[in-house]
Amino acid sequence: MIAPVPAPLRIGNASGFYGDRFDALREMLTGGPLDVLTGDYLAELTMLILGRSRLKDPEKGYATTFLRQLEEGLGLAHERGVKIVANAGGLNPAGLADAVRTLAAKVGVPVTVAHVEGDSLPVPDGFLTANAYLGGSGITACLRAGADVVVTGRVTDAALVTGPAAAHFGWGPDDLDALAGAVVAGHVLECGTQATGGNHAFFGEHDPARLRRPGFPLAEIHADGSSVITKHDGTGGVVDLSTVTAQLLYETGGARYAGPDVTARLDTVRLTADGPDRVRIDGVRGEAPPPTLKAGLTRLGGWRNEVVFVLTGLDIKAKADLVKAQFADALERGGPRPPAEVRWELARTDHPDADTEERASALLRLVVRDQDAEAVGRAVSGAAVELALGSYPGFHVTAPPGKGAPYGVFEARPVPAGDVEHTAVLPDGRRLVMEPPGLTQELAEVEEPPLPDPYPSTGPTRRVPLGLVAGARSGDKGGDANVGVWVRGEDAWRWLAHELTVERFRELLPEAADLTVVRHVLPNLRALNFTVHGLLGEGVAAQARFDPQAKAVGEWLRSRWLPVPVPLLEGVPLPEVTA
């Protein structure tokens with residue numbers, strides 16, 4: 001007798017980061033049917049924040065927002081039979097599990113709680129936190145043991161989906177294609193409303209009312225690992241091929257997307273429309289995971305301070321030159337030495353003959369950094385204040401200068417998977433150590449796929465912004481920036497694949513001119529994915545760049561002008577100026 005195929009598993013997401021929409025957990029539990037609700041609370045910067053929190057109170061180190069969400073959410077989930085899986089445990093998953101049990105007793109909801117630990121590593125001298133990115137097998141074990149709520153520390157974002165899916169369908173470590181499909185679905189869900197129209201390049205094509213409050217996404221996972229990305233009926237936002245493509249490209253690199261359980265081949269992903277607000281993902285192939293896990297380490301990197309000067313009206317550059325020279329002189333006189341790093345950036349936000357003072361003003365941003373708090377503290381703030389009556393006409397700053405603040409650094413290192421004791425602590429207190437994968441495969445780049453035939457180069461072109469024909473989404477991985485670029489038609493793909501080379505990318509984004517830029521080609525998605533090594537210095541926590549998480553690098557790229565074949569612009573509203 002052929003065994004019946006298990007029903008699809010409906011997994012929703014209610015958090016893309018620590019600080020996401022508070023009401024999302026309740027909205028997802030009450031908005032439609034679900035089997036599992038996940039929450040992603042951790043990011044590179046979050047681990048540093050939680051590390052500093054734990055220094056003040058060793059009992060903390062987890063996302064306290066999650067507990068407040070559960071005050072109502074536990075009862076709703078219990079009534080509807082929904083399992084909750086979240087990485088809100090941060091640096092103290094056992095502490096959060098105990099807090100959830102205490103809360104459950106307080107609100108009178110009979111739930112069983114389990115947690116996953118073992119991600120915490122010995123912290124090297126000079127560092128604040130050290131954690132390995134675990135896979136989903138510990139979550140799977142907790143759910144198979146009957147847990148209603150599973151909290152974890154640092155697991156991969158996709159593990160919040162692969163763990164429940166493996167528990168539901170009975171997948172083992174050798175079901176690589178199924179696991180890879182779940183990894184791709186998990187990656188689409190992990191950033192919440194970025195999959196349902198949030199932060200989307202083509203937002204202007206949709207009714208603004210739909211985007212005012214996007215609903216959170218969910219995935220209908222099938223036994224073979226394929227899925228449909230959708231959202232609850234009646235919620236805001238949009239799920240279409242473009243929103244899903246954008247999220248697939250977010251913070252990824254080449255064709256091999258490695259994780260602790262499986263390496264998913266992004267070049268095998270197929271997307272097809274499956275009805276209104278429904279996109280099907282299938283065809284995903286999986287390979288054995290690498291023998292190492294990624295470990296994230298955070299440390300305090302030093303101290304920084306910032307002053308933003310407002311320059312209004314005429315002679316903007318001359319005003320900037322004056323205050324920069326005055327400030328350098330004041331720093332020389334005001335302390336034993338200037339800060340180790342002094343950076344100025346003039347943002348020409350001013351307009352000629354402006355109808356408001358703000359529109360007539362530019363911003364001159366000063367950022368200083370040093371290992372010594374004193375070097376960026378009173379000496380800097382004092383110098384800024386003392387210039388108030390003796391500098392350029394109209395002198396003022398956006399906020400009173402402060403005393404400086406610490407900044408952090410994130411560092412990624414590989415650790416052998418066998419050196420990490422990935423442990424599931426079951427509802428009855430039993431501890432199960434997860435075996436590392438028996439089969440592994442060293443990570444290597446795939447051979448670049450053949451490009452499509454070039455788009456004819458003999459026709460007319462017009463200089464317009466790239467974003468009229470291409471979407472983009474960008475983000476950070478440590479000190480590197482990722483910029484994914486995609487188009488929505490085959491002719492546009494034939495043009496983009498040959499036009500947007502590494503050389504052209506560097507030309508369009510001069511900040512990348514002297515950096516290592518790697519281009520990856522993903523024909524199934526009609527997409528190119530660029531990794532810009534070192535653009536973000538020591539990463540988001542270091543706050544070394546105007547846009548420290550590279551969130552808007554893709555939009556900067558889309559705003560750059562280049563010659564585009566006129567037929568590709570058919571039906572596209574063109575800008576009035578065509579420089």
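Remember, it's a predicted structure, so these values are computed and weren't measured experimentally. Just so it is clear, the values below take in all heavy atoms, side chains as well, and ignore hydrogens, waters and symmetry mates.
- Listed for the T129 side chain is no donor-acceptor partner under 3.5 Å among the backbone atoms of G51.
- The two residues A295 and L121 come nearest to each other via the heavy atoms CB-CD1, 3.7 Å.
- The heavy-atom pair separating P338 from D370 by the smallest distance is O-OD2, 4.3 Å.
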Exercise for review: Decide side-chain contact (heavy atoms from CB on, under 4.5 Å) for H533 and L515; before the verdict, give the C-alpha distance in whole Å, the side-chain angles of both, and the deciding distance to 0.1 Å.
Suggested key: CA-CA 6 Å; H533 292 278; L515 301 175; 5.8 Å; no

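- Ring planes of Y257 and H187: tilted class, angle from 30 to 60°.
- Distance CD/E507 to CZ/R560: 8.0 Å, rounded to 0.5 Å.
- Of the charged side-chain nitrogens involved, none lies within less than 4.0 Å of a carboxylate oxygen, so that E251 and R473 do not count as a salt-bridged pair.
- A donor atom on one side chain and an acceptor atom on the other are not found under 3.5 Å apart for H222 and S227.
- Taking all atoms of both residues into account, the shortest heavy-atom contact from A320 to L346 is CB-CD2, 4.3 Å.
- No donor-acceptor distance shorter than 3.5 angstrom exists from the side chain of T243 to the backbone of G197, with no hydrogens or angles considered.
- The closest side-chain heavy-atom distance from L574 to L468 is below 4.5 Å.
- Figure legend: cation-pi geometry between R369 and Y407, with NZ or CZ positioned under 6.0 Å from the six-membered ring centre and within 45° of its axis.
- Looking at heavy atoms from C-beta onward, E341 lies in side-chain contact with R343 at the 4.5 angstrom threshold.
- Under the 4.0 Å criterion applied to side-chain N and carboxylate O atoms, R265 and E287 are assigned as salt-bridge partners.
- Using modelled atom types and a 3.5 Å distance limit, the side chains of T140 and W171 yield no donor-acceptor pair.
- Evaluation of the side-chain hydrogen bond (donor to acceptor under 3.5 Å, both in side chains) rule for E448 yields no partner, not counting sequence neighbours.
- Between V532 and A512, the shortest heavy-atom contact is CG1-CB, 3.9 Å.
- Side-chain atoms of L160 and E190, non-hydrogen and from C-beta on, never get closer than 4.5 Å to each other.
- Judged purely by atom type and a 3.5 angstrom limit, R519 uses its side chain to pair as donor or acceptor with the backbone of L500.
- A salt bridge is defined here as a Lys NZ or Arg NE, NH1 or NH2 lying under 4.0 Å from an Asp or Glu carboxylate O, and D125 with R299 fails to meet this definition.
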Point to revise | Stepwise side-chain contact (heavy atoms from CB on, under 4.5 Å) test for L439 and Q441 | key: CA-CA 7 Å; L439 179 64; Q441 178 178 316; over 6 Å; no

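- In this structure, the side chain of D547 engages the main chain of K551 through a donor-acceptor pair within 3.5 Å.
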Review point. For L509 and W556, what are the C-alpha separation, side-chain angles and deciding distance, and is it a side-chain contact (heavy atoms from CB on, under 4.5 Å)?
Key: CA-CA 8 Å; L509 301 188; W556 177 28; 3.5 Å; yes

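- In terms of modelled atom types and a separation under 3.5 Å, the side chain of S15 and the main chain of D40 share a donor-acceptor contact.
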Practice item. Given side-chain hydrogen bond (donor to acceptor under 3.5 Å, both in side chains), test D476 with N482 step by step and report yes or no. Key: CA-CA 6 Å; D476 65 311; N482 143 253; over 6 Å; no

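- Using a 4.5 Å heavy-atom threshold, the side chains of F505 and V483 count as touching.
- D491 and R494 are joined by a salt bridge, as a carboxylate oxygen and a charged side-chain nitrogen come within less than 4.0 angstrom of each other.
- Between the CG atom in L50 and the CG atom in L42 there is a gap of 6.5 Å [rounded to 0.5 Å].
- Looking at D274, its side chain never comes within 3.5 Å of a backbone N or O of R280 through a donor-acceptor pair.
- Y41 does not carry R154 over the face of its six-membered ring by the limits of under 6.0 Å from the centre and within 45° of the normal.
- The ring pair (Phe, Tyr, Trp, His ring centres under 6.0 Å) pairs that include a residue from residues 437-468 number zero, where partners must be two or more places apart or lie in different chains.
- Formation of a donor-acceptor pair under 3.5 Å by the R256 side chain with backbone atoms of A444 is found in this model.
- Within the 3.5 Å criterion, the main-chain N or O of R504 finds a donor-acceptor partner in the side chain of T501.
- Side-chain contact check for T252 and N529: at least one donor-acceptor pair (N or O, by modelled atom type) lies under 3.5 Å.
- Here the side chains of L9 and F169 are in contact, with some heavy-atom distance below 4.5 Å.
- Among the candidates D119, N131, L134, the single residue satisfying the side-chain contact (heavy atoms from CB on, under 4.5 Å) test with V420 is L134.
- Between the OG1 atom of T46 and the CG atom of N87 there is a distance of 9.0 Å, given to the nearest 0.5 Å.
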Review point. Does the pair V518 and F530 meet the rule for a side-chain contact (heavy atoms from CB on, under 4.5 Å), with working shown?
Key: CA-CA 6 Å; V518 180; F530 294 87; over 6 Å; no

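- Between S242 and the choices E205, R488, H200, the side chain to side chain donor-acceptor pair (under 3.5 Å) rule is met once, by H200.
- Looking at every heavy atom in both residues, P260 comes nearest to P437 through O-CG, 3.5 Å.
- Side-chain atoms of T38 come within 3.5 Å of backbone atoms of G12 as a donor-acceptor pair (strictly under, hydrogens ignored).
- A salt bridge links R270 with D282: the distance from a Lys NZ or Arg NE/NH1/NH2 to an Asp or Glu carboxylate oxygen falls below 4.0 Å.
- F410 contributes atom CZ, which lies 8.5 Å from atom OG1 of T298 (distance to the nearest 0.5 angstrom).
- With a 4.5 Å cut-off on side-chain heavy atoms, V517 and T531 do not count as touching.
- In summary, E411 and R413 engage in a salt bridge, as defined by a charged side-chain N under 4.0 Å from a carboxylate O.
- A donor-acceptor contact shorter than 3.5 Å links the side chain of T245 to the backbone of L241.
- Looking at V553 and R558, their side chains never come closer than 4.5 Å, going by heavy atoms from C-beta outward.
- At least one side-chain heavy atom of T156 sits less than 4.5 Å from a side-chain heavy atom of Y133.
- The side-chain contact (heavy atoms from CB on, under 4.5 Å) check on D174 picks up nothing, with sequence neighbours excluded.
- Distance check, rounded to the nearest 0.5 Å: OH of Y18 to CG of L45 gives 12.0 Å.
- For the residue pair A24 and A14, the shortest heavy atom distance occurs at CB-O, 3.4 Å.
- The pair E490-R526 counts as a salt bridge, with a side-chain nitrogen and a carboxylate oxygen less than 4.0 angstrom apart.
- Atoms CG and NZ, from D277 and K231 in turn, are 4.0 Å apart once rounded to the nearest 0.5 Å.
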